[in-house]
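Before any comments, here is the structure.
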Amino acid sequence: MDTLEKAIEFENRKFSFKTTSDRIVAAREAKDLILAVNELYKKDKDAKLMDLMKRLTVIKQKIEKRLKGRPLTAS
């Protein structure tokens, strides 16, 4: 499967993570896809690729935020 096809499939995938392991795998996959699209962007300088990277980054940040959990408050 082509890198762009994988990225679009990942972007359209429904995320319902049952375990922390699932979240870690998804965050790593997002990172790998972003880096792969970035390599394509370096060659073409296509604005559509930059937009795709931005959307994937937002998804990755949401996953990582969920991984970190809520900060503990001092009482």
Side-chain angles (χ1 to χ4, degrees):
M1 190 182 294
D2 185 40
T3 302
L4 294 177
E5 291 173 0
K6 286 182 184 178
I8 292 170
E9 187 272 329
F10 180 83
E11 182 182 15
N12 294 328
R13 189 182 309 163
K14 175 132 174 79
F15 295 106
S16 60
F17 304 114
K18 303 294 183 197
T19 65
T20 302
S21 178
D22 293 343
R23 290 184 201 100
I24 292 170
V25 169
R28 288 179 181 165
E29 183 180 358
K31 180 181 176 182
D32 291 340
L33 288 171
I34 292 167
L35 294 174
V37 172
N38 187 37
E39 290 301 318
L40 294 174
Y41 177 76
K42 286 179 185 178
K43 295 175 187 170
D44 297 342
K45 302 291 186 197
D46 186 5
K48 291 178 183 178
L49 293 175
M50 179 57 78
D51 292 338
L52 178 61
M53 283 191 296
K54 288 178 182 178
R55 293 192 308 264
L56 290 173
T57 300
V58 169
I59 293 170
K60 180 173 142 315
Q61 288 172 343
K62 287 180 183 179
I63 294 168
E64 288 174 344
K65 185 185 290 186
R66 176 87 169 137
L67 273 171
K68 286 185 180 180
R70 295 190 176 123
L72 297 175
T73 57
S75 300

What's the spacing between Ile63 CD1 and Ile24 CD1 if we round to 0.5 Å? 11.5 Å
Between CD of Glu5 and OG1 of Thr3, what distance do you get to the nearest 0.5 Å? 9.0 Å
Quick one: side-chain hydrogen bond (donor to acceptor under 3.5 Å, both in side chains) pairs with a partner in residues 40-49, sequence neighbours left out? Glu39-Lys42
Sequence neighbours left out, what passes side chain to side chain contact (heavy atoms under 4.5 Å, CB included) with Leu56? Give chain and number order. Ala7, Phe10, Glu11, Leu33, Ile34, Leu52
In this structure, would Leu40 and Leu35 fall into the same cluster of hydrophobic residues linked by side-chain contacts under 4.5 Å? no
For Glu64, what residues pass the side chain to side chain contact (heavy atoms under 4.5 Å, CB included) criterion, not counting sequence neighbours? Ala27, Lys60
For residues 21-35, which residue pairs qualify under salt bridge (charged side-chain N to carboxylate O under 4.0 Å, His left out), counting only residues two or more places apart or in two chains? Arg13-Glu29
What's the spacing between Asn12 CG and Ile59 CD1 if we round to 0.5 Å? 8.0 Å
